[in-house]
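Only this structure's heavy atoms are used, side chains among them; waters, hydrogens and symmetry mates stay out. Below, chain A is the first sequence line, B the second, and so on; all start at residue 1.
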Number of protein chains: 2
Amino acid sequence: MSEKPASPKSEKILDAAEKLFALHGYDGVTLRQIATTAGVDVALANYHFGRKLALFSAVFERRAAHLNEARRSALRACQANAGEGGPSVEQIIEAFLRPLELAQETGDAGWQHYLALVAYINNSPYWGQRMMSRLFDELVLEFIDALRQALPGAADRDLFWCYHNLSGALTLTLAQTGRIDTLSQGKCLSSDLQAAYDRMIPFMAAGFREVCMKS
Amino acid sequence: MSEKPASPKSEKILDAAEKLFALHGYDGVTLRQIATTAGVDVALANYHFGRKLALFSAVFERRAAHLNEARRSALRACQANAGEGGPSVEQIIEAFLRPLELAQETGDAGWQHYLALVAYINNSPYWGQRMMSRLFDELVLEFIDALRQALPGAADRDLFWCYHNLSGALTLTLAQTGRIDTLSQGKCLSSDLQAAYDRMIPFMAAGFREVCMKS
DNA sequence: TTGTTAATTCAACACATGTTGAATATTCTT
DNA sequence: AAGAATATTCAACATGTGTTGAATTAACAA
């Protein structure tokens with residue numbers, strides 16, 4: 001839970017690895033590239049984190065708890081503010097998404113890279129199932145519980161498939177590939193997170209309602 | 001346009017590369033793994049396709065035209081069947097998605113792998129912008145034109161952001177990571193494409209309407 | 001059949017990779 | 001300030017990498 005003091009250079013390594021893994025994936029990055037970017041000798045990564053895979057995991061885990069906290073407290077807050085029947089679908093989805101927007105907007109590039117890394121892992125057939133569940137399933141299930149309450153009578157299968165749609169759209173947003181920029185000829189920018197989230201929230205809420213309340 | 005005759009083993013190489021690149025990404029695969037999987041010597045890939053990157057591109061391009069044809073004719077068909085005002089949002093999205101479901105359901109594993117590779121590339125900050133536009137933008141813009149007509153008064157920015165949401169959900173579906181399987185404890189399966197597309201179509205249609213017709 | 005071209009394998013090079021153990025520098029404790 | 005523990009670098013290893021040119025086989029034309 002609490003942050004280890006950790007040597008200053010060991011966090012430089014994590015920062016560099018975070019950035020490079022997010023851009024090129026696990027196999028697309030060499031320890032020497034990481035070391036060079038961090039301004040450090042190659043052997044130091046091994047001293048602090050062990051094998052390359054352990055460094056990859058360390059990067060992935062470093063900010064996970066913090067992110068989960070932010071999202072969980074956003075959910076709690078919107079539940080506290082809501083009346084009898086609990087928060088609306090929009091409010092729940094907003095609580096799920098806004099902490100990400102905030103994390104990306106702090107100007108701290110680290111969070112940008114981290115979330116792009118999560119996107120890479122989430123979309124990878126090799127890493128996805130392997131790494132996402134352990135850190136994120138518990139929180140996601142809390143959100144789905146809240147959605148189930150806001151959508152009375154919804155079938156579980158529908159709820160999970162709708163979450164899958166939300167997760168996919170979010171993943172592509174976090175990846176910030178720049179594809180929408182060229183496709184739209186500059187009318188939309190991958191880096192304009194507010195524009196993305198402002199539309200994603202009503203979009204997803206309408207989708208959930210359409211699929212889960214078709215009774 | 002027309003298929004080169006091509007030696008039998010050169011397609012074995014493409015098949016093997018397709019499968020492995022889809023699972024592990026460009027850097028996660030070695031030419032020797034590809035050659036072994038194809039039952040062929042390492043040097044043969046070089047003889048047929050040149051450098052590793054050219055092989056990667058060849059795999060990516062092999063099925064692109066075929067896929068675009070299928071989607072385009074699905075769009076044309078639904079436009080022909082529609083009345084005065086053109087097809088509905090649902091019909092357009094269905095034309096966009098069903099050819100993928102069909103391609104994946106032929107039992108031909110090649111299409112499964114290919115579409116997972118497209119998902120990998122589309123979600124990659126490094127490859128995404130670089131490789132997707134040239135092959136797919138033209139067709140995607142045709143679909144967005146059709147949607148613009150079905151959603152009178154929609155702002156371009158809204159249309160493109162909505163397409164971004166659709167593209168993201170689709171990408172995660174094509175990747176078939178298996179994450180939804182564990183998250184839902186088996187209630188949903190990544191491999192159950194019909195279940196995925198059946199819900200994706202009304203979900204996305206409702207989202208488009210909500211965001212693009214909020215006048 | 002014979003000569004020609006395309007397809008495939010063989011052998012190997014030059015270089016990059018993850019990893020390790022010893023050597024050096026830095027920080028902390030007392 | 002001396003000594004111990006931690007942090008960092010140095011040098012190098014075994015192995016794996018993409019790539020290449022020569023050698024061999026298969027397909028084909030005359």
Side-chain angles (χ1 to χ4, degrees), chain A residues 2-62 110 117 120-121 124 126-127 130-131, chain B residues 2-62 110 117 120-121 124 126-127 130-131:
Chain A
S2 62
E3 333 278 310
K4 277 222 209 89
S7 79
K9 303 220 173 188
S10 92
E11 293 209 34
K12 283 263 171 60
I13 293 174
L14 286 172
D15 291 341
E18 188 172 58
K19 175 179 184 167
L20 293 170
F21 281 143
L23 184 56
H24 295 104
Y26 178 75
D27 301 286
V29 178
T30 150
L31 288 174
R32 283 171 174 84
Q33 290 176 299
I34 294 172
T36 299
T37 304
V40 148
D41 186 85
V42 199
L44 193 56
N46 218 286
Y47 170 75
H48 279 296
F49 303 100
R51 328 194 78 74
K52 183 186 181 185
L53 183 58
L55 170 60
F56 187 64
S57 296
V59 171
F60 185 56
E61 287 167 15
R62 176 165 60 148
L117 179 66
Y120 159 74
I121 290 173
S124 158
Y126 184 75
W127 301 110
R130 206 166 303 213
M131 298 189 69
Chain B
S2 63
E3 332 278 312
K4 277 219 208 93
S7 78
K9 302 220 176 187
S10 92
E11 293 210 34
K12 284 265 171 62
I13 292 174
L14 287 173
D15 291 341
E18 188 173 58
K19 174 177 184 170
L20 294 170
F21 281 143
L23 183 56
H24 294 105
Y26 178 76
D27 300 285
V29 178
T30 147
L31 289 174
R32 282 170 175 83
Q33 290 176 301
I34 293 173
T36 299
T37 303
V40 150
D41 185 85
V42 200
L44 193 56
N46 218 286
Y47 170 74
H48 279 297
F49 303 100
R51 327 193 78 74
K52 182 185 182 185
L53 183 58
L55 170 59
F56 187 64
S57 296
V59 171
F60 185 56
E61 286 165 17
R62 175 167 58 150
L117 178 65
Y120 159 73
I121 289 173
S124 158
Y126 183 74
W127 301 109
R130 205 167 302 216
M131 298 189 69

Please name the pair of heavy atoms, one in B:Leu117 and one in B:Ala22, separated by the smallest distance, quoted to 0.1 Å. N-CB, 3.7 Å
Run A:Arg62 and A:Asp15 through side chain to side chain contact (heavy atoms under 4.5 Å, CB included) and show every step you take. CA-CA 10 Å; A:Arg62 176 165 60 148; A:Asp15 291 341; 2.9 Å; yes
Output, in order, the C-alpha distance, side-chain angles, deciding distance and verdict of side chain to side chain contact (heavy atoms under 4.5 Å, CB included) for A:Phe49 and A:Val59. CA-CA 10 Å; A:Phe49 303 100; A:Val59 171; over 6 Å; no
In this structure, how many angstroms lie between the [atom2] atom of [N] and the [atom1] atom of [X], rounded?
{"X": "A:Lys12", "N": "D:dT9", "atom1": "NZ", "atom2": "P", "answer": "11 Å"}
{"X": "A:Leu44", "N": "D:dA11", "atom1": "CG", "atom2": "C1'", "answer": "16 Å"}
{"X": "A:Ile13", "N": "C:dT19", "atom1": "CD1", "atom2": "P", "answer": "14 Å"}
{"X": "A:Ile34", "N": "C:dA16", "atom1": "CD1", "atom2": "C1'", "answer": "15 Å"}

Does the B:Tyr26 side chain pair with the main chain of B:Ile121, one donor and one acceptor, at a distance under 3.5 Å? no
Using a 3.5 Å limit on both pairing distances, list the dot-bracket string of DNA chain D from the 5' end; Watson-Crick and G-U wobble pairs count, crossing pairs take [ ], interstrand pairs take |. |.||||||||||||||||||||||||||..
Is there a side-chain polar atom (N or O) of B:His48 under 4.0 Å from OP1 or OP2 of C:dT8? yes
Is any side-chain N or O of B:Ser7 closer than 4.0 Å to OP1 or OP2 of C:dA6? no
Tell me the side-chain hydrogen bond (donor to acceptor under 3.5 Å, both in side chains) pairs involving residues 33-57 of chain B, sequence neighbours left out? B:Ser7-B:His48
Hey, could you give me the CG/CD1 distance between A:Leu44 and A:Ile34, rounded to the nearest 0.5 Å? 12.0 Å
Centroid-to-centroid, A:Phe21 to A:Tyr120, below 6.0 Å? no
Give a yes or no on whether the ring-centroid distance for B:Phe56 and B:Trp127 is below 6.0 angstrom. yes
Protein within reach of the bases, or only the backbone? For nucleotides 15-26 of chain D, mark each nucleotide 5' to 3' as B, S or -, using heavy atoms under 4.0 Å. --BBBBB-----
